[in-house]
Amino acid sequence: MMSAVERVALLAGGTGAAKLAVGLEKELDPGALTVISNSADDVDFWGLRVCPDTDACLFRLAGIFNEKAGFGVADETFNVHSQMRRLAEPDWFWLGDRDLAFHLVRTALLRQGARLTETALELGHRLGLQSRVLPMSDDDVRTCFETDAGRLGFQEYFVREKLRPPLRGLLFQGLDSARPSPEAVEAVRNADIVVIGPSNPLISIGPIAALLGVHLDPDRTVAISPLVAGRALKGPTAEMMRTLRGEASAKRVAEEYQALARLFILDTLDAERAPEIEALGYRVLVTDTVMEGPDGARRLAAATLEFARPAI
Ligand code: FO1
């Protein structure tokens, strides 16, 4: 256990980074971790606000994440979904009965005038979490994909269309006028270490970095590659990097973060790329980044903190 003064901010999408949050929480003093989640894949469905990345972080930290599905709450049932289908409502997005409780509470709070950040803090509090999960912004930012089938919203492209239409480009609606949440700005400014989690650099970290990048101190920021041997453990990160950036590699990820971080972690399988990444101006750690088993996330968290600590 480290000293109580150490504060860590984790920039997170919904998959790898949410898992890492659990490992970091175990390695840190209670309350020392703040997770800043991507809110650009949020969606309104059945009149309810759904925040997939924020919820993945909340649910993982609360120990109720549905590992089997890869989203939502464990031990889920879909009675409401069946009934909505019967009522001819859209049924392509599988909101489970347990999961729905969170969207109901969040939407009710928003209607009462709460900011998105306040809804996440309230849900975290009611789940009894030690760490805070903060959406990157209280303003609506929405990832859209330009595809051969036209412009599609994040969940339409990912879930309804299953990523089938060829991808041409990416845009973040609302980003230009959005402001980062004051709590998120304070968290990255006050953090001893900012960790850019192993999430998709373009669609998960990209919007967070666009809003909060100017507040990061690169000397205290460590980025973890989500690509291992040119592949992502989950999701379309590699395909997206190839289509939109011409290459899917840890080095290409490092280039993406060059203005944000001076420390970079890549997987043992990519060890031979370390010199190229050092040549970009990074201090590099090569370690096992695949978070397997109950101790995998804690091991990567410990290695990350130990690597970044000499910088503070
Ligand atoms: N992903 C799916 O592939 N199919 C779904 O029906 C689905 C529903 C869903 C409901 C709530 C939620 O928080 C996430 C959900 N996801 C679903 C996951 C989500 O669409 C993506 O994995 C994330 O947006 C990517 O970060």
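This one's a predicted model, so the numbers in the text were calculated from it and none came from an experiment. Atoms within a ligand are numbered from 1 in the order they appear, just like the ligands themselves.
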Just how far is it from atom [atom1] of [X] to atom [atom2] of [Y], taken to the nearest 0.5 Å?
{"X": "Leu121", "Y": "Leu116", "atom1": "CG", "atom2": "CG", "value": "10.0 Å"}
{"X": "Leu216", "Y": "Arg189", "atom1": "CG", "atom2": "CZ", "value": "10.5 Å"}
{"X": "Phe93", "Y": "Phe71", "atom1": "CZ", "atom2": "CZ", "value": "7.5 Å"}
{"X": "Ser181", "Y": "Met136", "atom1": "OG", "atom2": "CE", "value": "10.0 Å"}
{"X": "Glu186", "Y": "His215", "atom1": "CD", "atom2": "NE2", "value": "12.0 Å"}
{"X": "Glu276", "Y": "Glu272", "atom1": "CD", "atom2": "CD", "value": "8.0 Å"}

Dump the pairs for me: ligand 1 N or O, protein N or O, distance under 3.5 Å, to 0.1 Å.
unit_1: ligand 1; atom_1: 6 (O); unit_2: Trp94; atom_2: N; d: 2.9
unit_1: ligand 1; atom_1: 20 (O); unit_2: Gln155; atom_2: OE1; d: 2.5
unit_1: ligand 1; atom_1: 24 (O); unit_2: Asp41; atom_2: OD2; d: 2.8
unit_1: ligand 1; atom_1: 24 (O); unit_2: Gln155; atom_2: NE2; d: 2.9
unit_1: ligand 1; atom_1: 26 (O); unit_2: Asp41; atom_2: OD2; d: 3.1
unit_1: ligand 1; atom_1: 26 (O); unit_2: Asp53; atom_2: OD1; d: 2.8

